[in-house]
Amino acid sequence: MWRTNSLRVAVVGAGIGGLAVASGLQRAGAEVIVLEQAARFLPRGSGLSLFANGFAALRSLGLEERVRAVVADGPPSVPYGTRRADGTRLSVFAASTLAELRVVDRTDLHRALLQDLAPDTVRPGIRVEGLSRGTLDLGPSGLLEDWHVLIGADGIRSRVRGSHAGDPGAAYCGYGAWRGITDGPVTLTDSGETFGRGERFGYVPLSDGRVYWFAVRPAADDDQPEPGELLERYREWHDPIPSLLAATAPERIGYQPIERLAHPLRTYSRGPAALVGDAAHAMPPTLGQGANLALEDAAVLVSLLRPIARDHDPRDIPTKLAAYDKARRPRTQSIARQAHLLGAALQWPTPLFARGRDLAMRAAPNAVMDRAFRSAQRWSPPD
Ligand SMILES: Cc1cc2nc3c(=O)[nH]c(=O)nc-3n(C[C@H](O)[C@H](O)[C@H](O)COP(=O)(O)OP(=O)(O)OC[C@H]3O[C@@H](n4cnc5c(N)ncnc54)[C@H](O)[C@@H]3O)c2cc1C
């Protein structure tokens with residue numbers, strides 16, 4: 001399978017993290033193979049927030065221009081803030097907090113990252129079953145050996161992570177989310193999040209005027225929503241929430257239980273293997289940072305491996321990956337903790353708590369979420 005004597009990198013998972021690592025290392029001269037279980041890349045039907053730190057990582061990877069081509073020129077042109085279900089305004093974020101926010105259709109982002117790779121880099125329809133003594137078990141597709149570096153970018157249920165002792169596995173957060181993009185443009189006068197009692201609804205425009213929205217509901221982990229539940233739950237919420245739901249074709253709406261890594265990992269690297277993105281630090285999407293942090297992981301990993309991408313000494317690799325772990329674990333685990341705590345707090349269904357939260361948001365509008373959004377964005381790639 002391998003063709004060159006450059007650094008040979010096997011990446012498991014063609015999500016945002018895996019594709020970003022692959023393109024950075026390929027550009028640096030490494031030979032890269034990406035193994036992806038999905039046979040085809042289907043449209044995702046949802047949006048994604050990219051922030052200043054995500055763009056800094058893309059710049060460091062040489063991918064910024066390609067991604068900027070599929071996102072809006074500027075931040076959402078309408079104010080972003082928080083409201084109550086009846087429409088009462090709780091806060092408006094400072095424009096500077098979101099100056100770098102761009103919302104992208106996930107399918108467009110994925111396509112942009114894929115286009116940067118040499119043909120045949122991604123091998124679709126190959127599921128990695130496990131890793132044993134340096135050999136990747138590819139199920140019916142056979143075995144993969146002789147790689148120098150293995151990157152587990154295979155998401156929250158990572159098989160690469162699971163091949164090592166101490167995998168904490170995934171934990172359900174106690175809520176699930178519907179996501180959708182309206183079929184066509186919708187005129188908005190604001191954007192942001194609306195809080196109910198245990199429910200939340202967020203909406204933000206895409207570059208072409210379509211609107212990406214999400215709706216969160218508390219639920220038991222095995223509780224799938226009934227048909228019609230979404231419309232019924234948000235029927236009496238303020239405008240434009242009911243009309244955004246009406247403007248989205250039901251088949252373009254997806255529902256997903258929200259999960260996180262059950263416990264923080266003790267390390268993101270073991271010998272010649274490292275984890276990136278959700279495989280390393282899956283978190284609830286409260287701060288919209290999961291994919292941004294996967295891009296940061298990729299930028300740090302690529303900057304550490306770049307010097308040995310063409311001429312490598314295998315003895316260098318574990319040291320480089322240990323440096324990656326040291327650089328990434330504190331920041332990503334701190335943001336994951338904040339996202340979990342904030343997510344849990346926003347979901348609390350009791351009226352007393354909801355009133356306290358609303359008062360806090362009103363009294364200090366920029367205090368809670370605004371500060372968290374700002375601090376998560378403060379990051380610079382390594383030189
Ligand atoms: C409701 C919701 C909203 C979100 N909103 C945002 C947001 O606005 N901004 C943001 O930054 N983040 C957001 N996130 C988080 C973001 O989606 C993730 O953090 C990000 O997608 C992680 O990327 P990844 O590449 O690490 O993993 P994934 O996107 O999970 O990709 C993993 C890939 O690996 C493949 N794979 C898995 N197992 C195997 C295997 N055994 N063999 C081969 N291939 C395998 C999968 O098919 C997949 O293609 C949101 C998440 C949710 C649930």
Side-chain angles (χ1 to χ4, degrees), residues 10-22 33-42 44-55 57-58 71 101-106 109-110 113-114 122-131 136-139 141 144 150-163 170 172-173 175-180 193 200 202 204 206 212-217 253-261 268 275-298 332 335-336 339 343 373 376-377:
V11 178
V12 184
I16 292 162
L19 293 179
V21 171
I33 289 177
V34 183
L35 305 160
E36 168 55 48
Q37 64 183 3
R40 284 191 311 131
F41 294 102
L42 299 168
R44 308 277 180 117
S46 69
L48 193 77
S49 327
L50 289 176
F51 290 96
N53 55 316
F55 282 109
L58 286 164
V71 303
L101 167 66
R102 304 288 184 273
V103 184
V104 61
D105 184 327
R106 263 177 196 260
L109 175 62
H110 212 246
L113 295 177
L114 270 175
V122 179
R123 314 286 164 94
I126 299 186
R127 178 175 163 78
V128 170
E129 298 296 345
L131 164 70
L136 278 175
D137 173 2
L138 310 184
S141 304
L144 181 67
L150 172 66
I151 307 295
D154 45 346
I156 188 164
R157 294 206 153 65
S158 170
R159 295 305 279 236
V160 176
R161 192 185 68 228
S163 304
Y172 179 57
C173 292
Y175 48 96
W178 289 274
R179 286 185 288 177
E193 288 191 36
R200 271 186 296 147
V204 62
L206 294 173
Y212 163 54
W213 58 261
F214 61 87
V216 181
R217 65 157 199 164
I253 299 175
Y255 178 83
Q256 190 179 348
I258 301 296
E259 295 179 315
R260 64 188 171 97
L261 214 59
Y268 290 176
L275 301 171
V276 304
D278 279 9
H281 43 68
M283 64 190 73
T286 334
L287 295 171
Q289 276 289 342
N292 289 271
L293 293 176
L295 292 169
E296 286 185 16
D297 292 346
T332 49
I335 294 177
F373 275 109
Q377 291 186 70

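As the structure lists them, so they are numbered: ligands from 1, and atoms in each ligand from 1. Given the structure is predicted, the values throughout are model-derived calculations rather than measurements.
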Numbered in order shown, the ligand 1 atoms found under 4.0 Å of a heavy atom of Ile16 are 25 (O)

Atoms of ligand 1 under 4.0 Å from any heavy atom of Asp278, numbered from 1 in the order shown, are 18 (C), 19 (O), 22 (C), 26 (O)

Judged by heavy atoms only, the candidate from Pro284, Gly288, Gly47 nearest atom 9 (N) of ligand 1 is Gly288

At under 4.0 Å between heavy atoms, what of Ser46 touches ligand 1? The answer is neither

So the salt bridge (Lys or Arg N to Asp or Glu O under 4.0 Å) pairs with at least one residue in residues 280-297 (sequence neighbours excluded) are Glu296-Arg328, Glu296-Arg331, Asp297-Arg328

Honestly, for Arg179 the part within reach of ligand 1 (heavy atoms, under 4.0 Å) is side chain

Within 4.0 Å of some non-hydrogen atom of Val12, the atoms of ligand 1 are 42 (N), 43 (C)

Heavy-atom nearest pair, Ala294 first then Gly17, reads CB-CA, 4.0 Å

Checking heavy-atom distances from atom 31 (O) of ligand 1 to each of Gly15, Gly17, Gly125, the winner is Gly15

Please check this pair: side chain of Arg200 against backbone of Val216, looking for a donor-acceptor N/O pair closer than 3.5 Å.
no

Would Arg106 count as a contact residue for ligand 1, given that I'm defining contact as a non-hydrogen atom of the residue lying under 4.0 Å from a ligand atom?
yes

Item to complete: Could you say whether the N/O atoms of Ile258 and ligand 1 ever approach to under 3.5 Å?
Response: no

Under 4.0 Å from one or more heavy atoms of Gln256, ligand 1 contributes atoms 53 (C)

Near Ala153 (heavy-atom distance under 4.0 Å), the atoms of ligand 1 are 32 (C), 33 (C), 34 (O)

Ligand 1 atoms nearer than 4.0 angstrom to some heavy atom of Arg159 are 41 (N)

Min over Ala14, Gly139, Ser49 of heavy-atom distance to atom 8 (O) of ligand 1 lands on Ser49

Exercise. May I ask you to decide if Arg159's main-chain N or O and Asp154's side chain share a donor-acceptor pair within less than 3.5 Å?
Key: yes

Check for a donor-acceptor pair, side chain of Arg40 on one end and backbone N or O of Pro124 on the other, with a separation under 3.5 Å. no

Ligand 1 atoms nearer than 4.0 angstrom to some heavy atom of Asn292 are 10 (C), 11 (O)

Of His110, Gln37, Arg157, Glu36, the one whose closest heavy atom lies nearest atom 40 (C) of ligand 1 is Gln37

At under 4.0 Å between heavy atoms, what of Ile126 touches ligand 1? The answer is backbone

Residue set satisfying ring pair (Phe, Tyr, Trp, His ring centres under 6.0 Å) with Tyr255, at least two apart, ordered chain then number -> Trp178

Out of Gly155, Pro124, Ala339, the nearest non-hydrogen contact to atom 28 (P) of ligand 1 is supplied by Gly155

(message) With a cutoff of 4.0 Å, is Leu50 in contact with ligand 1, counting heavy atoms of the residue only?
(response) no

Discussion item. Under a 3.5 Å distance rule, please check whether Ser163 uses its side chain to pair with a backbone N or O of Leu131 as donor and acceptor.
Written reply: yes

Out of Ala20, Gly277, Ala291, the nearest non-hydrogen contact to atom 11 (O) of ligand 1 is supplied by Ala291

Leu35 heavy atoms within 4.0 Å reach ligand 1 at atoms 43 (C), 44 (N)

